[in-house]
There are 2 protein chains.
Amino acid sequence: MSSRKAALKSVPLVLDAETRAHDDHHASLRLWLRLLSCTGQIESRIRQRLQLSFNTTLPRFDLMAQLERAPEGLKMSELSQRLMVTGGNVTGITDGLEKEGLVVREVDIADRRINRVKLTSDGARQFRRMAAEHEQWIADLFSALSPRQKGHLMALLGELKAHVIGSKRGTTP
Amino acid sequence: MSSRKAALKSVPLVLDAETRAHDDHHASLRLWLRLLSCTGQIESRIRQRLQLSFNTTLPRFDLMAQLERAPEGLKMSELSQRLMVTGGNVTGITDGLEKEGLVVREVDIADRRINRVKLTSDGARQFRRMAAEHEQWIADLFSALSPRQKGHLMALLGELKAHVIGSKRGTTP
DNA sequence: CGCCAATACTTGAGGTGTCAAATACAAATG
DNA sequence: CATTTGTATTTGACACCTCAAGTATTGGCG
């Protein structure tokens, strides 16, 4: 109701360093939340479909996908590396798949510490069915973006990933 | 060894639909894997730091973050919605936080089915300490991108997310 | 040969996550 | 007011996932 205007807060023409930092922090935070929610949504859709269509899970699917490209089988440790999960985890998932007959463990002749894991023919057949559908799901989920946009997104994520991985120093030397 | 050239497979000047579809599928798949690995890397870095610096976890942090913006407290169901996880999960995380005295459950006077969850003053203090560091971590992790690039990434992910969420029909109506 | 460190994997405890069934309370209905 | 219906949360069974400790087995070294 007052008529005074002089007391309104001034709008600086040049933003100070602190303000810029604050804005950037905020932008990064929002970006991170969007990245997280985007990935989460897609992942949850895939899990859901894997469950509905094939009564399986993403980690199982991922493990089988690795095995499919390695007809000679993979060591547990190799699976662990490729799936970027711990060895104990691989043990558990492999147990489940083995119980369902989709996969077999074969003790290495030369070094009996080693377990070589292979797809059974049943597992291979089942995986091929799943892989085809899976690829289509992904294509559909990403169909909102043009090839050009996909390339752009790929590049931006590439830079981000490189920086994140590159700065992995300083934890426990 | 033959000198005949006519039998070489022709290279079409215009790619057929099948080839285009195949390439697009492949691009989508690679993009998805990169998205996944990027998010995973960042998430794992944050988890690691939360563990090292504050001996806590990401879900606990996220729950406390929600409570900080709601001094009157939140119902379990509200937490469930905001964190995008199931109610059972919220129960578990809240149990842990309550055991450590960072959070309290208060039964609603008017409707005794409702549990209102609040940060304790101890929890609030601890959260503020964590939040400041957390924001800095994020800013650092995303510092590889210019503000312009951040904006671009934000927009691309926005389109992707909108499409994914928009196509959520067709499961169980 | 015999011991010992390194390697490959498994096990067990603890925190997340999901779903479906159980519990506790409230509201609507007759 | 008693019964039914609905809502808020918890519980229990599984599946992941990590870390740290345990078990086998190998290969080197005295």
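Order of the sequence lines fixes the chain letters, A, B, ..., with proteins taken first and strands second; residue numbering starts at 1 for each chain. Just so it is clear, the structure is predicted and the values come from calculations on it, not from any experiment.
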Can you tell me if [X] touches the phosphate of [N], counting only side-chain N or O atoms and a distance under 4.0 Å to OP1 or OP2?
| X | N | answer |
| --- | --- | --- |
| Arg105(A) | dT10(C) | yes |
| Ser80(B) | dT9(D) | no |
| Arg112(A) | dC9(C) | no |
| Arg47(B) | dG15(C) | no |
| Asn115(B) | dT9(D) | no |

Hey, which sits more toward the 5' end of DNA chain D by its nearest nucleotide, Asn89(B) or Val85(A)?
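Closest to the 5' end, via its nearest nucleotide, is Asn89(B).
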Donor-acceptor pair under 3.5 Å: do we get one between Arg113(B)'s side chain and the base of dT7(D)?
yes
From the list dC25(C), dT25(D), dG17(C), which nucleotide is the closest neighbour of the side chain of Pro59(B)?
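Between dC25(C), dT25(D), dG17(C), the one nearest the side chain of Pro59(B) would be dG17(C).
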Counting the atoms with a prime plus P, OP1 and OP2 as sugar-phosphate, which does [X] contact under 4.0 Å by heavy atoms, base, sugar-phosphate, or nothing?
| X | answer |
| --- | --- |
| Arg60(A) | sugar-phosphate |
| Thr86(B) | base |
| Leu58(B) | nothing |
| Thr91(B) | base |

If you define the side chain from C-beta out and look only at heavy atoms, does anything of Thr94(B) sit under 4.5 Å from Lys99(B)?
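They are not in side-chain contact.
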Supply the atom-to-atom distance Arg129(B) CZ to Phe54(B) CZ, rounded to the nearest 0.5 angstrom.
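Arg129(B) CZ to Phe54(B) CZ: 5.5 Å, rounded to 0.5 Å.
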Just one of His134(A), Gln136(A), Glu135(A) clears the side-chain contact (heavy atoms from CB on, under 4.5 Å) bar with Ile138(A), so which one?
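So the option named by the test is His134(A).
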For Asp108(A) and dC9(C), what is the distance between atoms CG and P respectively, to the nearest whole Å?
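Rounded to whole Å, this separation is 9 Å.
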Is it true that the side chains of Asn55(B) and Gln51(B) contain a donor and an acceptor less than 3.5 Å apart?
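Yes, side-chain donor-acceptor contact under 3.5 Å.
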